Structure formats: C-alpha cells, structure tokens
Amino acid sequence: MTQNQLTGQYEWAKSLYREHGIDVDQVLEQLAKVKISMHCWQGDDVRGFLFKEEALSGGISVTGNYPGAAGTPAELRSDLEKAFSLIPGKHKLNLHAIYADTDEKVDLDQIEPRHFQSWVDWAKAQGLGLDFNPTCFSHPKSADGFTLSHSDPAIREFWIEHCKRSRRIGAYFGEQLGQTCVTNVWVPDGYKDTPVDRLAPRKRLKSALDEVFAEELNAAHNLDAVESKLFGLGSEAYVVGSHEFYMGYGIQNNKLVCLDAGHFHPTETISGKLSSLSLFTDGILLHVSRPMRWDSDHVVTFDDELQEIAKELVRHDLLGTTHIGLDFFDASINRVAAWVIGTRNTIKALLRAMLEPTDALRQAELAGDYTTRLALTEEFKSYPFGVIWDYYCDKMGVPVREAWLEEVKAYEQEVLLKRG
Ligand code: RNT
Ligand code: ZN
C-alpha cells in the first residue's frame, strides 16, 4: 500500500469517528503516551543468567523447544531491540532478579544495583524505562514450594533479604532513568493438596512482607506491587498469596495490587475488578496474560477480555495510574514474534478502546435506553479501527500489519538459528 492510500484511508476512517465526536488525531497522541512494560522473560523461557542450571520451578512452566532462545545478556538485548523496533511507541522493560548481568557468583540475598548496571546503561541508550521483580523461584531455597512464608525462619530470612535488595535495585533504576520503577513481589508459596492450616502461612507471609517493605523508598523512584494467584502446578489446593490476601495487604499498606489476567477462576475476569479496585487504591499493576485451562501464561491475543481490560482503563481514565505489564512465556514459537504479537495486541486494544463513543453509550445507559447501548456497541465492532492502527504504526515508524513478520523471519535466519 502506498503512503497516499494509507493517508487517504485514514482520513476516511477519521471522518466516520468524527461523526461520533471522536478526535482521532488526539487519540493517537494519547496512545503514544501509554507505556507497556514488556517482560524480558519471554526471550529465554524464564531462565535468567544467575542459575541457568536450575530448572524452572514455582508452579510455572514453559513448554516448547523453538530454536534461538537468548543465552546471554547480549543476546537477550539484541532480541529485545528487534522486538521493540517492531512495536509502536516508547516502552519499558520488565526485569527479574535472575537476569543480573555479572561475572561474580552472587546469590539472591547478595544482589546489588551494580549487578544490573549494564541493563541501566542499555535502557538509557534505548530510551526505555525499567521495572523489576525479585525472583522467588528456580532456586534451591524455594525447592519445597515455600519462600517468604516458609516455616523455617532461616529460609524466610533469605527471601526477605532478597526482596529488600530487589526494592533497592528498583529504586536505583527509577533514580537513574528518571522514570518510576515498579517492583512486583510474587511468590509461588502453596500446597499441592488440601492443607490443615491455611492461616499460619498467611500470617508468616504478612509479617515477612512487612519486613520487606519496612525501608522507606522514594515513591518517585520505586513503587511496590504484590501479585496474587489462585493455583499453580504443584500448588493446586492452596496458594498462600491469594487474591483476598493481597487485596487486603495492598489496600492496607498502600501497595499496588497486581492483577494477572491468568490468576483467577476460568470464567473470572480482571476487567470486572478494575473499577472496584480503583476506588480503594492509588494505582494498579496489570499482568496482561492469557489463561488457557491450567496455564496462565499464553501469548496475549486480541480476545474479548483484552479488549474489555482496555475499555475499562480508557473509560474510567485509569491509564495515568495503571502500570501495564505483560506476562507470558511460550517456547513453541519464535520468541521475538511472541513479544511483538502480545505487545502490539495490547496497544491495539487500547487504541480500539479510545475509539469508542463512550459518552453516547453512557448517556444511553443512564437514560435506560439499553437498545441504543447494544446497537451502537455492536455497530462499532465493524468500524474501521484497523485503518487507524495501520496509520499509527506507519506514523510511529514501525511495520504496518503483518510486515513485521518478515523482519522477524529474517532475524531468525540471520541471528537466532546461528545460536549454539
Ligand atoms: C506467576 C506470576 C509471575 C511470573 C513472573 C515470571 O504465575 O504470574 O508474575 O509469571 O514473575
Ligand atoms: Zn504474573
């Protein structure tokens, strides 16, 4: 398609939206300001660099053996650069503690900001923000499935120290990059089978978190988040950090509550929770993911729930206070493509939500005119938002439609398939 055709189509689509009072140019300006935190761990199947010999644990699992996984920080950064070059906008990278880039033999209770200096330098050069996560899994001290809520005080202490240090690293990122870092605590702790005592581990988790968060950090540099889960592989019967647990903890202690789209009952959605949570917190962290049966981490597709999440954020003006992170890992397809698909979908869903005639729909709803509400909602589903999306990609200097795939295929030939 020529530039003229692209612009011509855009002008036509724009006029259709204008009839409903939607200023598309303004929408695109707003969209360009939204940052997505892309997770580093899709690039190497959540292995990291500190304990590469440890198997992935903690009730999460990556399946597939697609060639070309990143094995070094340089390879991972190269793959990330490729992915970011195919995604419109300036975003953030979400790191885990096991991605420390150092020749030293450091354990998780010894990590310091300097072990992540190369990431900071790279993020600065790339114009990216950074987010962070303590890694409370894939480690000998998490082998029996418990970390911050472990019954052994020495093991608990190890993980508390790890999380404390992780927050300081987050604050260092924020200070260095001039962009707030969100440090998200997720622990896998739970039982495979029905426990007798559901309370004691939760008491231990609560007091361990109090210790982790005791140090006051500059909120402009670091914001803390806590992530719940319903079940995982090996923690089918009971997860210590359940939704109720962290909803309570986050609200009481002024922490961001992290909602992972894959951490609830199969028909339970996080889109429905955002409005309630927004009334009781200063902000929310999202792990945009896609549940499928027992898995919570499939590549994000342009499905109803993704669009519903985007609509809630846009309709209720929550984009300023919501931190949008991605969380999926698939080793059965090209890993760079996985990032590009999931991230472009998330941005595309936000665009589509911004192109909704929300005021008219609200008025119809308030007036009890549910006929108009349904009719307009349905007709808008075939409005040409794809044309606007194409124009936006072009304007932002990234490939239009599936043209990005050729670039990923070329990168696969030239780089990924040559890896050992
Ligand atoms: C696991 C949680 C958690 C992890 C990452 C790697 O179920 O979703 O967010 O996926 O920390
Ligand atoms: Zn998650």
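Order of appearance sets the numbers: ligands from 1, and atoms from 1 within every ligand. Being a predicted model, the structure only gives us computed values, none of them experimental.
With hydrogens and angles left out, the side-chain atoms of D327 and H287 include a donor and acceptor closer than 3.5 Å.
Using bins of under 30°, 30° to 60° and over 60° for the plane-to-plane angle, the ring pair W119/F49 lands in the parallel bin.
Using a non-hydrogen distance threshold of 4.0 Å, D260 registers as a contact of ligand 1.
Side chain of D295 to main chain of P291: no donor-acceptor pair is present (N/O by atom type, distance under 3.5 Å, no hydrogens or angles). R335 places a side-chain N or O within donor-acceptor distance of the main-chain N or O of Y66, the cut-off being under 3.5 Å.
Near I60, meaning under 4.0 Å from one of its heavy atoms, ligand 1 places the atoms 1 (C), 7 (O). Numbered from 1 in the order shown, with element, the atoms of ligand 1 that lie under 4.0 Å from a heavy atom of H287 read 9 (O). Against a heavy-atom cut-off of under 4.0 Å, H96 is close to the following atoms of ligand 1: 5 (C), 6 (C), 11 (O). The atoms of ligand 1 that sit less than 4.0 Å from any heavy atom of H263 are 1 (C), 2 (C), 7 (O), 8 (O). Interface of F329 with ligand 1, defined as ligand atoms under 4.0 Å from a residue heavy atom, comprises 10 (O).
For the pair K273 and F264, the cation sits on the ring face: its NZ or CZ lies under 6.0 Å from the ring centre, inside 45° of the axis. At least one cation-pi condition fails for R352 and W389: the charged atom is not both under 6.0 angstrom from the six-membered ring centre and inside a 45 degree cone around its axis.
Of all N, O or S atoms in H287, the one lying closest to the Zn ion (ligand 2) is ND1. The nearest N/O/S atom of D260 to the Zn ion (ligand 2) is OD2. Taking the Zn ion (ligand 2) as reference, the nearest N/O/S atom within D327 carries the name OD2. When distances from the Zn ion (ligand 2) to the N, O or S atoms of E227 are compared, OE2 comes out shortest.
Side-chain contact check for V226 versus F213: some heavy-atom pair is nearer than 4.5 Å.
Here the heavy atom of the protein found nearest to atom 7 (O) of ligand 1 is K229 NZ, 2.7 Å. The protein heavy-atom contact nearest to atom 9 (O) of ligand 1 is E227 OE1, 2.7 Å.
Residue side and main chain included, D297 places no N/O/S atom under 2.8 Å of the Zn ion (ligand 2).
R167 has no carboxylate O lying under 4.0 Å from a charged side-chain N of E215, or vice versa, which leaves the two without a salt bridge. Salt-bridge formation is detected for the pair E161/R165: a Lys NZ or Arg NE/NH1/NH2 atom is positioned less than 4.0 Å from an Asp or Glu carboxylate oxygen.
Of the polar atoms of D327, at least one N or O is found under 3.5 Å from an N or O of ligand 1, judged by distance alone.
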